[in-house]
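To start, the structure under review is shown below, and the notes come after it.
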Amino acid sequence: MRTANICLEEIFNDIPATKREETRLSFAISNRLDALMKEKGLNRKQLAQAVGKQPNEVTRWLSGEHNFTLATLAMLATFFGKPIISVETFAPKG
């Protein structure tokens, strides 16, 4: 039997940088949601009920693989009263 002798680093380096960054951001968002849920003492079902979603949608949010819309991120930030993500903005000079 032949075995693959490929280093994990080689596999990782074959993934385009944009996909690696997308994955990093997705997991950062899901980790942030998990932390905010713990802060409020909410489980998945309770969060789903509070924001008018199905529990399986919250499960997808926490999977690290969900592609969030800005509307969903804004809704969650409003619900928790804290930002989900942070974006640096620039004030116009003048």
Side-chain angles (χ1 to χ4, degrees):
M1 178 197 291
R2 292 179 64 174
T3 59
N5 205 11
I6 299 173
C7 174
L8 186 59
E9 187 175 331
E10 288 177 40
I11 294 170
F12 184 75
N13 287 336
D14 286 343
I15 300 170
T18 54
K19 186 62 179 172
R20 286 195 311 259
E21 181 62 8
E22 178 185 328
T23 301
R24 186 193 68 76
L25 288 169
S26 288
F27 278 98
I29 291 168
S30 67
N31 289 340
R32 175 73 172 149
L33 287 176
D34 184 62
L36 291 170
M37 287 171 61
K38 286 178 180 165
E39 262 183 39
K40 281 202 170 218
L42 297 173
N43 62 33
R44 293 169 192 211
K45 185 176 180 181
Q46 291 167 325
L47 176 59
Q49 288 174 336
V51 297
K53 301 293 182 180
Q54 294 296 315
N56 64 349
E57 187 163 359
V58 174
T59 297
R60 284 193 306 273
W61 294 346
L62 296 170
S63 74
E65 297 178 11
H66 185 72
N67 190 7
F68 286 91
T69 64
L70 291 175
T72 299
L73 292 171
M75 178 271 297
L76 289 167
T78 301
F79 172 77
F80 285 110
K82 295 183 177 182
I84 304 301
I85 60 172
S86 177
V87 177
E88 187 175 333
T89 58
F90 297 94
K93 294 180 181 181

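Quick note: residue numbers are just sequence positions, from 1. Please read these numbers as outputs of a predicted model, since none were measured by experiment.
- For the salt bridge (Lys or Arg N to Asp or Glu O under 4.0 Å) test, residues two or more places apart in sequence or in another chain that qualify with K82 are E39.
- For I15, the CD1 atom counts as densely surrounded, since its 6.0 Å shell holds more than 12 non-hydrogen atoms of other residues, nucleotides or ligands.
- Residues satisfying the side chain to side chain donor-acceptor pair (under 3.5 Å) test with T18, not counting sequence neighbours, are none.
- Between the side chain of N31 and the main chain of F27, a donor-acceptor pair closer than 3.5 Å is present.
- For the side chain to side chain contact (heavy atoms under 4.5 Å, CB included) criterion with F80, the lone passing option out of M75, R32, K40 is K40.
- More than 12 heavy atoms of other shown residues, nucleotides or ligands fall within 6.0 angstrom of atom CG in D14.
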Please tabulate, one pair per line, all N/O donor-acceptor pairs under 3.5 Å involving side-chain atoms of residues 46-60, not counting sequence neighbours.
unit_1: Q46; atom_1: OE1; unit_2: N43; atom_2: N; d: 2.8
unit_1: T59; atom_1: OG1; unit_2: P55; atom_2: O; d: 3.2

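- Between G64 and S26, the shortest heavy-atom distance links the atoms O-CB, 3.1 Å.
- Tracing side-chain contacts under 4.5 Å through hydrophobic residues (I, L, V, M, F, W, Y), one reaches W61 starting from I85; they form part of the same cluster.
- When the side chains of ILVMFWY residues are joined at heavy-atom separations under 4.5 Å, either directly or via intervening members, V87 and L73 end up in a single hydrophobic cluster.
- Atom CG of D34 sits about 11.0 Å away from atom CG of L42, to the nearest 0.5 Å.
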| request: Go through F68 and I84 one step at a time and tell me if the side-chain contact (heavy atoms from CB on, under 4.5 Å) criterion holds. | output: CA-CA 11 Å; F68 286 91; I84 304 301; over 6 Å; no

